[in-house]
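Heads up: the structure comes next, in structure tokens.
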Amino acid sequence: MARKLLLENINVPGIHSFDVYRQNGGYRSVEKALKTMTPEAVVEEVKTSGLRGRGGAGFPTGMKWSFLAKPEGRERYLVCNADESEPGTFKDRYLMTHIPHLLIEGMIVASFALGAKTSYIYVRGEMMPQIRILERAIAEAKNAGFLGKNILGSGYDLELYVHPGGGAYICGEETALIESLEGKRGNPRIKPPFPAISGVWACPTVVNNVETIAAVVPIINDGGEGYAQVGIGRSTGTKLISASGNLNKPGVYEIELGLPVEEFIYSDEYCGGIANGKKLKAVVAGGSSVPILPANLILNTINGQPRLMSYESLADGGFQTGSMLGSGGFIAFDEDQCIVRNTWNFSRFYHHESCGQCSPCREGTGWMEKVLHRLEYGHGKMSDIDLLVDVSKKIEGNTICPLGDAAAWPVASAIRHFRDEFEWHVTHPKEALERNYGIANYANPLPKFEEVVGQN
Amino acid sequence: MLSVTEHKEIEFSSELVKQFDEIVTRYPQGKQKSALLPVLHLVQAEYGWVSPEAMDKVADYLQIKPIEVYEVATFYTMFFLRPQGKYVLEVCRTGPCCLVGAEKIMAHIEKTLGVKEGEITQDGMFSWRGVECLAACGMAPVLQIGPEYTFYENLTEESVDKLIETLRNKL
């Protein structure tokens with residue numbers, strides 16, 4: 001069995017309650033940090049651990065924390081990003097539902113490290129059941145003296161609140177989340193100033209993902225060096241992977257970073273292979289925003305190395321032949337799935353969720369959706385395919401926040417790897433309405449690197 | 001757009017206002033506008049939708065301009081700006097759910113209820129709509145029903161029939 005750092009006790013009956021969680025070693029990291037460490041020492045441990053943001057960007061957490069401005073007489077805030085909305089990602093829901101105290105424990109230690117006296121957990125509005133679970137857990141922790149005034153006699157005070165969102169994907173972007181927490185529309189802010197200098201109510205603010213905050217607990221318990229020994233290279237520790245799509249056993253898995261992708265898909269310990277005995281056609285490895293890869297390129301890199309579940313290995317080959325670990329939303333497509341239809345579906349998502357602030361994203365996502373719709377429904381032209389590439393390039397890099405990039409990459413990568421399927425939709429419009437293109441050559445041995453680069 | 005019904009003054013119940021008061025304490029003094037989203041959720045849970053009158057009242061309560069409430073209520077997709085059925089079935093229509101049959105489930109709901117997306121059944125019991133990713137892709141296809149936002153997972157046509165039947169017979 002692989003090492004588990006977050007979900008080790010997930011199957012203990014009653015682990016959602018304070019008493020059972022505490023009996024199983026819960027809140028040790030709060031005792032250790034508040035009684036034996038300075039806030040700076042906690043930040044140093046997190047730096048040593050090599051922990052990288054688990055929400056998708058993979059930015060080193062310790063470094064993010066060390067950027068936090070500490071002006072005299074100004075409040076500082078820690079906000080947990082629990083606005084989980086990236087298609088394919090449901091790990092935070094799982095963690096908050098089953099082991100809420102892990103998040104609360106991490107919030108206390110992280111707030112202590114940052115010197116925050118009030119912290120918020122911004123939970124997406126649809127997760128009302130999880131909001132109630134967290135509120136109950138917060139009350140239990142407060143009752144036991146782990147929240148409120150003078151925690152464990154350390155002189156440190158902390159209040160923790162849950163704030164519900166309103167069902168907007170964009171609020172997962174940290175400055176949009178801050179706007180939303182202030183009671184406004186979720187329009188991302190222009191950076192700089194970064195939240196570390198001016199965040200919620202113009203005060204220095206750190207925003208971290210649920211899983212990132214939870215990972216602080218094993219880091220403090222085992223030490224930063226202990227955590228860094230798990231994983232591979234600069235991808236330290238474990239990662240929660242949300243597996244969905246046409247798999248035998250979809251669900252949330254905690255993996256040690258560096259696990260081969262092939263093992264993750266096919267071994268019985270994890271996803272148990274493709275459902276209904278079908279073949280794997282493609283994978284979106286890190287949530288809908290990252291480039292889609294055909295089966296051959298997800299299992300092996302273009303150089304013939306086995307692809308691993310790590311930040312570096314999944315990005316191996318850049319955007320030509322690689323992808324990203326992202327938020328760990330692992331979506332598997334079987335041989336019967338239509339890439340054009342799925343790309344249209346994702347485009348509709350980004351069009352729907354664009355906040356409307358930047359023209360390239362607001363207009364471009366709409367055009368991509370329309371063009372993809374006509375390709376899928378048999379009214380496409382051959383020139384539409386290049387038109388889509390053109391639109392995606394005009395969105396990418398030209399917007400305030402990364403939603404524009406996130407909308408452009410799935411379209412660009414689908415055309416890069418599955419152009420023949422798009423062309424077939426144009427040349428066989430009637431047939432494309434009745435059947436799918438199938439697996440074609442996407443699971444065949446890899447072409448030579450030069451050929452792939454040459455085509456693009 | 002905001003005036004779909006005749007304008008009628010409404011009064012929030014004292015229990016509701018008590019809940020608002022508690023929420024406001026979570027934010028620093030003078031930052032009561034932050035309570036807007038949680039307050040709107042409570043209003044929708046109480047009335048089934050967020051009416052223009054209710055928005056004006058919320059603005060009064062939080063001491064902000066009505067436009068500050070309108071712009072937020074129209075931005076966030078969870079808030080209904082028109083009356084809905086008693087039960088609103090919100091089916092996830094994004095990629096991972098569609099890989100395992102969400103489109104069939106939506107077609108089945110449309111057929112079973114006999115109303116199009118966004119419309120209300122004649123008895124006022126149901127309306128339905130497709131929504132974007134609900135972060136439950138491993139249990140797909142899924143739907144949710146407010147105001148509790150209970151989840152129904154791994155949907156089949158049979159389980160949807162059963163769910164609708166159960167809700168119909170509930171008092």
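As a basis for the values below, the full set of heavy atoms in this structure was taken, side chains included, without hydrogen atoms, waters or symmetry mates. What you see is a predicted model; the values in this text were computed from it and never measured. Numbers restart at 1 for each chain; the letters A, B, ... are given by sequence-line order, proteins then strands.
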**OP:** Mark yes or no for whether B:H41, through its side chain, and A:G165, through its backbone, hold a donor-acceptor pair below 3.5 Å.
**Re:** yes

Subject >> Rounded distance [0.5 Å steps], SG in A:C171 versus CZ in B:F75 >> reply: 5.5 Å

Original post:
When you check the gap from the basic side-chain N to the acidic O, do B:E148 and A:R132 get nearer than 4.0 Å?
Top reply: yes

**OP:** Could you tell me which non-hydrogen atom of A:Y161 sits nearest to which non-hydrogen atom of B:T25, and how far apart they are?
**Re:** OH-O, 4.2 Å

**OP:** Would you mind checking which part of B:A140 comes under 4.5 Å of any heavy atom in chain A, side chain (CB onward), backbone (N, CA, C, O), both or neither?
**Re:** neither

Subject >> Which atom of A:S85 lies closest to which atom of B:C133, heavy atoms considered >> reply: O-CB, 3.9 Å

Subject >> Pairwise distance CG(B:L99) to CG(A:D334) - rounded to 0.5 angstrom >> reply: 8.0 Å

Subject >> Atom pair CE (A:M128) and OG1 (B:T150), whose distance is rounded to the nearest 0.5 Å >> reply: 11.5 Å

Subject >> Best-contacting candidate, B:L36, B:T94, B:V72, against chain A by heavy atom pairs under 4.5 angstrom >> reply: B:T94

**OP:** Indicate the atoms forming the closest heavy-atom contact of B:K33 with A:G183, along with that distance.
**Re:** CE-O, 3.3 Å

Original post:
Between A:R93 and B:M139, is any pair of side-chain heavy atoms under 4.5 Å apart?
Top reply: yes

Original post:
Side chain, backbone, both or neither: which part of A:V252 has a heavy atom under 4.5 Å from chain B?
Top reply: neither

Subject >> Per-residue contact mode, A:I331 against chain B (heavy atom under 4.5 angstrom) >> reply: side chain

Subject >> Minimum heavy-atom distance A:S244-B:G138, with the two atoms named >> reply: CB-N, 4.1 Å

Subject >> For chain B, the option from A:F333, A:F349, A:W201 that forms the most heavy-atom pairs under 4.5 Å >> reply: A:W201

Subject >> Worked check of side-chain contact (heavy atoms from CB on, under 4.5 Å) between B:Q144 and A:M127 >> reply: CA-CA 10 Å; B:Q144 66 179 12; A:M127 294 193 190; over 6 Å; no

**OP:** Would you indicate whether B:K162, at its atom NZ, is surrounded by more than 12 heavy atoms from other residues, nucleotides or ligands within a distance under 6.0 Å?
**Re:** no

**OP:** Please look at A:C338 and chain B and tell me whether the side chain, the backbone, both or neither of the residue comes under 4.5 angstrom of a heavy atom of that chain.
**Re:** neither

**OP:** Find the one option among A:G245, A:A168, A:G88, A:G251 whose heavy-atom pairs under 4.5 Å with chain B are most numerous.
**Re:** A:G88

Original post:
At a heavy-atom separation under 4.5 Å, does A:E84 approach chain B through its side chain, its backbone, both, or neither?
Top reply: both

Subject >> chain B contact via A:I131 - which portion, at a heavy-atom distance below 4.5 Å >> reply: neither

**OP:** Before giving the answer on side-chain contact (heavy atoms from CB on, under 4.5 Å), spell out for A:E126 and B:M78 the whole-Å C-alpha distance, their side-chain angles and the decisive distance to 0.1 Å.
**Re:** CA-CA 8 Å; A:E126 288 93 337; B:M78 282 181 78; 3.7 Å; yes

Subject >> Pair B:E132 + A:R124: basic N to acidic O under 4.0 Å >> reply: no

Subject >> B:T77 side-chain N/O to A:G167 backbone N/O, donor-acceptor pair under 3.5 Å >> reply: yes

Subject >> Under 4.5 Å from any heavy atom of chain B - which part of A:S242 >> reply: neither

**OP:** Measure the acute angle between the ring planes of B:Y27 and A:Y120, then classify it against the limits of 30° and 60° as parallel, tilted or perpendicular.
**Re:** parallel

Original post:
Which region of B:Q44, side chain (C-beta onward) or backbone (N, CA, C, O), has a non-hydrogen atom less than 4.5 Å from a non-hydrogen atom of chain A, or is it both or neither?
Top reply: neither

Subject >> B:K104 atom NZ: more than 12 heavy-atom contacts under 6.0 Å >> reply: no

**OP:** Check whether A:F346 gets within reach of chain B through its side chain, its backbone, both or neither, counting any heavy atom under 4.5 Å.
**Re:** side chain

**OP:** First locate atom NE2 of A:H163, then atom CD1 of B:I23, and finally report the distance between them rounded to the nearest 0.5 Å.
**Re:** 9.5 Å

Subject >> Portion of A:A332 that has a non-hydrogen atom of chain B nearer than 4.5 angstrom >> reply: backbone

**OP:** Mind checking the SG-CG spacing from B:C98 to A:N342? Nearest 0.5 Å is all I need.
**Re:** 8.0 Å

**OP:** Could you check which of A:P250, A:S180, A:G329, A:G166 has the highest count of heavy-atom pairs closer than 4.5 Å to chain B?
**Re:** A:G166

Subject >> A:T343 portion near chain B, given a 4.5 angstrom heavy-atom threshold >> reply: neither

Subject >> Region of A:E159 in contact with chain B, defined by heavy-atom distances below 4.5 Å >> reply: neither

Subject >> Most chain A-contacting option - heavy-atom pairs closer than 4.5 Å, from B:R93, B:Q32, B:E68 >> reply: B:R93

Original post:
Under the 6.0 Å and 45° cation-pi test, does A:R185 pair with B:Y76?
Top reply: no

Subject >> Over all atoms of both residues, closest heavy-atom pair of B:G95 and A:N345 >> reply: N-OD1, 2.9 Å

**OP:** Could you tell me which non-hydrogen atom of B:C137 sits nearest to which non-hydrogen atom of A:F90, and how far apart they are?
**Re:** N-CD2, 3.5 Å

Subject >> Engaged part of A:F330 at the chain B interface, taking heavy atoms whose separation is under 4.5 Å >> reply: neither

